[in-house]
A.B. asks: 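Provided herewith is a single structure, encoded as structure tokens, for subsequent inquiry.
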Amino acid sequence: MPFTFQFGGPNAFGGGFNPEGFQGAAGPNPRPRKPRKARRAVGNAFTRTLINLAVTLVFGLVYFYLELPALNLHAEEFYVFVFLLCAVYCVCAVFTSGFQSDGGVKGYFHFVRKQCTIPFLALTLLIAVLALGALASWVVLRAGSYSKLLSIQPGDFTAEVEEINYEQIPMLDADSAARLGTRKLGELADMVSQFEILPTYTQINYQGRPVRVTSLRYGDLIKWFTNRRNGLPAYIIIDMVSQEAEVVRLPEGMKYTVAEHFGRNLYRHLRFHYPTMMFDEPFFEINEEGVPYWVCSRIVRTIGLFGGTDIRGAVLVNAVTGESEYYEQVPNWVDRVYSSDIIMQQYDFYGMYHNGFLNSVFGQKDVTVTTDGWNYIAIDDDVYMYTGVTSVTSDQSNIGFILSNQRTKETKFYPCAGATENSAMESAESQVQQMRYASTFPLLLNIAGQPTYFMALKGADGLVKMFAMVNVQQYDVVSTGATVAECENSYRQTLSHRGLIAAGEQKPAAGDAQEQDGVVAEIRTAVIDGNTHYYVRMEDTLGYLDFNSAEVPLAVLLNIRDHIRYTFVLEGAEFPAHGIVPATGFEYIDWDN
């Protein structure tokens, strides 16, 4: 009989294997699991409810303090907040009740439905409201409402947008302004080691001039701790015309800013005082007296629960004292309430859907959108946002542009077929391609009745080196210059040579004699080198005409209220707002004429 090898038999190795426990290569049967130790319930039902509520309340307070959700049905973060509160209560109830489920997730679901009825119903209601609110906001169903968010009026560019002088043309973009501000702060030994500049510069009109302003911020957490008692000591003003930076020191530091922590943090300060309001990103501004404020625009949703984002008034927060007040109609010194993003989004809704949603997808008749960039320009002491408008099917040319008041949202559309901003930037750069200058995003100006792109040309160091003007409708008409005056004179000459303007519309060059008339408002005298000089200021001007009595003897007869025609010579290309201009003669004008 042949020998047979058997595990567990007399010939088994070691003789100690249990043949009943052997199950092949898988090894012996697993040991039976120990029964899971049951969790014990905490106290009675009333005690457990109090514990659940207390834990949920603590979580809610901590979450609210850190995340600052608006307690508003139109705010998405409100639903996240309520959902988390319900979830925390339910999880806490599972632990305090000692519940254990052998049925997995399904078992816990049944427990929550029975033992946490109120949070469960709240979650169910929350989901239903979210679904209905999203449906009511769906652009497919509400395209008409979206197209009416922005009221657009037709405009006449030449008639409504006046030519502006050099003291109103912003020559810096945000990047150049930031470089100047950083350089200026670096000159102040007592500040540069402790503070940095907040990178968000706001363009405003301040005392009749376009400027960018921004606050300081603490260098780091340690520097905040050592300086927070006195607050931030200054803010920065960048004059966009003269390209000068100024650090304005405050008698009392700013204690309520976006750079603060805890209760003085601007976002937390706003939320605790206005728990139900939704806010856009705050803008830093100063009033005409130089007092710093944060302009916090109030966001509202006007279509369904989550659609139709718009602005309704703003909260103004004094950056020094923290005093705040909500205004439906903001004061006139405030320049920026509506952000460029909101205005452009609302125009895009109009351009896409004013002929219906289906047309925006299939026919696309008269479907337009804004171009990729924007800029700002001062008109009548308000700041307007400019952006081009192009057909949705084309990105090579504009069909017009819009100017929108950032305080009132008053918006006008100016039809003007021509080059896009990017095309104009490329044309300007090609004029100085050997310099490898980069163009800033253009401003839109009225030069001799011609819509004109104006842009600065920057070198590799980020500083402005030259200026360029490009005709919107004929973007091969390009002129550059080392100064704005030189650039404009060259541009006007090019327009004249191309027959786009009459020769008389060219501005006289520096050194040319010019004539104007006006009424004498003020007369001053001074003796210089033995000659009496009469310094005459005309009405509606701030500069003075210099009549040398040795050359203009009749100047001694001038009186206030005289109406005269006078001849003068400019050293620059334009009569200065302040300063003295040599005058070579005058003649009286008959009042009857």
A.B. asks: So, E260 and N265: side-chain donor and acceptor under 3.5 Å apart, yes or no?
C.D. replies: no
A.B. asks: Look at the side chain of N446 and the backbone N and O of V161, then say whether any donor-acceptor pair between them is shorter than 3.5 Å.
C.D. replies: yes
A.B. asks: Compare all side-chain heavy atoms of L316 with those of V295 and state whether any distance is below 4.5 angstrom.
C.D. replies: yes
A.B. asks: Would S439 and E429 count as having a side-chain donor-acceptor pair, cut-off 3.5 Å?
C.D. replies: no
A.B. asks: Got a sec, which pairs hit ring-ring contact (aromatic ring centres under 6.0 Å, His included) with one end in residues 419-464, sequence neighbours left out?
C.D. replies: F454-F467
A.B. asks: Considering residues, nucleotides and ligands other than R312, do more than 12 of their heavy atoms fall under 6.0 Å from its CZ?
C.D. replies: no
A.B. asks: Under a 4.0 Å N-O cut-off, is there an ion pair linking K409 with D310?
C.D. replies: yes
A.B. asks: Compute the centroid of each ring, for F284 and then for Y201, and state whether the two points are separated by less than 6.0 Å.
C.D. replies: no
A.B. asks: A quick test of your reading: do over 12 heavy atoms of other residues, nucleotides or ligands sit less than 6.0 Å from CG of D175?
C.D. replies: yes
A.B. asks: Are side-chain heavy atoms of D366 and N355 found at a separation under 4.5 Å?
C.D. replies: yes
A.B. asks: I'd like to know if the side chain of R271 reaches the main chain of L68, judged simply by a donor and an acceptor atom lying under 3.5 Å from each other, with no hydrogens or angles considered.
C.D. replies: yes
A.B. asks: Answer yes or no: are there more than 12 heavy-atom neighbours, outside Y475 itself, under 6.0 Å from its atom OH?
C.D. replies: no
A.B. asks: Looking only at heavy atoms, which two atoms of M191 and P233 are closest? And how far apart?
C.D. replies: CE-CG, 4.0 Å
A.B. asks: Can you check side-chain contact (heavy atoms from CB on, under 4.5 Å) on R301 and T309, steps first, answer last?
C.D. replies: CA-CA 5 Å; R301 303 283 167 75; T309 300; 3.2 Å; yes
A.B. asks: Looking at L305, is its backbone amide N or carbonyl O close enough to the side chain of S137 to form a donor-acceptor pair, meaning the two atoms are under 3.5 Å apart?
C.D. replies: yes
A.B. asks: Which heavy-atom pair separates E288 from Q207 by the least distance, and what is that distance?
C.D. replies: OE1-N, 3.0 Å
A.B. asks: Is it the case that the ring center of F283 lies less than 6.0 angstrom away from the ring center of W294?
C.D. replies: no
A.B. asks: Evaluate side-chain hydrogen bond (donor to acceptor under 3.5 Å, both in side chains) for Y267 paired with E281, printing each intermediate quantity in order.
C.D. replies: CA-CA 9 Å; Y267 302 106; E281 191 67 22; 2.4 Å; yes
A.B. asks: So does D381 pair up with R209, basic N to acidic O under 4.0 Å?
C.D. replies: no
A.B. asks: Is the side chain of N398 donor-acceptor paired with the backbone N or O of G388 at a distance under 3.5 Å, no angle test?
C.D. replies: no
A.B. asks: For the residue pair T387 and L403, establish whether any side-chain heavy-atom pair is separated by less than 4.5 Å.
C.D. replies: no
A.B. asks: How are the rings of H269 and H273 set relative to one another: parallel (under 30°), tilted (30 to 60°) or perpendicular (over 60°)?
C.D. replies: tilted
A.B. asks: Give the C-alpha distance, both sets of side-chain angles, the deciding distance and a yes or no for salt bridge (Lys or Arg N to Asp or Glu O under 4.0 Å) between R298 and D280.
C.D. replies: CA-CA 6 Å; R298 179 192 176 190; D280 201 359; over 6 Å; no
A.B. asks: With under 30° as parallel and over 60° as perpendicular, where do the rings of Y274 and F279 fit, or are they tilted in between?
C.D. replies: perpendicular
A.B. asks: Which atoms form the tightest heavy-atom contact between F195 and L185, and what is the distance?
C.D. replies: O-CD2, 3.7 Å
A.B. asks: Answer yes or no: is there a side-chain heavy-atom contact under 4.5 Å between L188 and R249?
C.D. replies: yes
A.B. asks: Of all heavy-atom pairs between Q243 and L180, which one has the smallest distance, and what is that distance?
C.D. replies: O-CD1, 3.6 Å
A.B. asks: State whether R179 and D461 are salt-bridged, where the test is any N-O pair (Lys NZ or Arg NE/NH1/NH2 against Asp/Glu carboxylate O) under 4.0 Å.
C.D. replies: no
A.B. asks: Using side-chain heavy atoms (C-beta onward) and a distance below 4.5 Å, is L216 in contact with L198?
C.D. replies: no
A.B. asks: Please determine whether the number of non-hydrogen atoms from other residues, nucleotides or ligands lying under 6.0 Å from atom CD of Q364 exceeds 12.
C.D. replies: yes
A.B. asks: Using the six-membered ring wherever Trp is involved, compare the ring planes of Y347 and Y350 and label them parallel, tilted or perpendicular (cut-offs 30° and 60°).
C.D. replies: tilted
A.B. asks: So how far is it from R268 CZ to Y256 OH, rounded to the nearest 0.5 Å?
C.D. replies: 13.0 Å
A.B. asks: Please test M344 against M385 for side-chain contact (heavy atoms from CB on, under 4.5 Å), starting from the C-alpha separation and ending with a verdict.
C.D. replies: CA-CA 9 Å; M344 292 174 69; M385 188 212 76; 3.9 Å; yes
A.B. asks: Could you tell me the separation between the CG atom of L150 and the CG atom of D348, rounded to the nearest 0.5 Å?
C.D. replies: 10.0 Å
A.B. asks: Using only heavy-atom distances, determine whether the side chains of T494 and S479 contain a donor-acceptor pair under 3.5 Å.
C.D. replies: yes
A.B. asks: If I take atom CD1 from residue I236 and atom CD1 from residue I197, how far apart are they, to the nearest 0.5 angstrom?
C.D. replies: 4.5 Å
A.B. asks: After noting the C-alpha distance and the side-chain angles of S430 and S427, does the key distance pass the side-chain hydrogen bond (donor to acceptor under 3.5 Å, both in side chains) rule?
C.D. replies: CA-CA 5 Å; S430 67; S427 293; 5.3 Å; no
A.B. asks: Which heavy atom in A234 sits nearest to a heavy atom in V247, and how many Å separate them?
C.D. replies: CB-CG1, 3.7 Å
A.B. asks: Could you tell me the separation between the CG atom of N318 and the NZ atom of K255, rounded to the nearest 0.5 Å?
C.D. replies: 10.5 Å
A.B. asks: Return yes if some donor-acceptor pair links the side-chain N/O of S297 with the main-chain N/O of V337 below 3.5 Å, else return no.
C.D. replies: yes
A.B. asks: Between N205 and D335, do the side chains contain an N or O donor and an N or O acceptor separated by less than 3.5 Å?
C.D. replies: no
A.B. asks: Going by atom types alone, do E328 and Y326 pair a side-chain donor with an acceptor below 3.5 Å?
C.D. replies: yes
A.B. asks: Sub-3.5 Å donor-acceptor pair from the side chain of S490 to the main-chain atoms of E486, do we have one?
C.D. replies: no
A.B. asks: Determine, step by step, whether V432 and M466 satisfy the side-chain contact (heavy atoms from CB on, under 4.5 Å) criterion, reporting the C-alpha distance in whole Å, the side-chain angles of both residues, the deciding distance to 0.1 Å, and the verdict.
C.D. replies: CA-CA 9 Å; V432 290; M466 297 182 71; 3.9 Å; yes
A.B. asks: Closest heavy-atom contact between A468 and L457?
C.D. replies: CB-CD1, 4.1 Å
A.B. asks: Going through the distances and angles, do L266 and V317 end up as a side-chain contact (heavy atoms from CB on, under 4.5 Å)?
C.D. replies: CA-CA 9 Å; L266 179 65; V317 181; 4.0 Å; yes
A.B. asks: So that I can tick it off, tell me whether E410 and R407 are bridged by a salt bridge, with the cut-off set at under 4.0 angstrom between side-chain N and carboxylate O.
C.D. replies: no
A.B. asks: Measure the spacing between CE of M240 and CG of L443 and express it to the nearest 0.5 Å.
C.D. replies: 7.5 Å
A.B. asks: Does either side chain, that of Y491 or that of T452, offer a donor lying less than 3.5 Å from an acceptor on the other one?
C.D. replies: yes
A.B. asks: Do Y293 and W333 have ring centres separated by under 6.0 Å?
C.D. replies: yes
A.B. asks: Could you tell me the separation between the CG atom of N375 and the CD atom of Q203, rounded to the nearest 0.5 Å?
C.D. replies: 6.5 Å
A.B. asks: If you define the side chain from C-beta out and look only at heavy atoms, does anything of F78 sit under 4.5 Å from P69?
C.D. replies: no
A.B. asks: Is there a donor in the side chain of Q450 and an acceptor in the side chain of N471, or the other way round, less than 3.5 Å apart?
C.D. replies: yes
A.B. asks: Could you check if a side-chain atom of M254 sits within less than 4.5 angstrom of a side-chain atom of S215, using non-hydrogen atoms only?
C.D. replies: yes
A.B. asks: Is a salt bridge present between K412 and E160, judged by a nitrogen-to-oxygen distance below 4.0 Å?
C.D. replies: yes
A.B. asks: Is any side-chain heavy atom of Q406 closer than 4.5 Å to a side-chain heavy atom of Y384?
C.D. replies: no
A.B. asks: If we ignore angles and hydrogens, is there a donor and acceptor under 3.5 Å between the side chains of Q345 and Y146?
C.D. replies: no
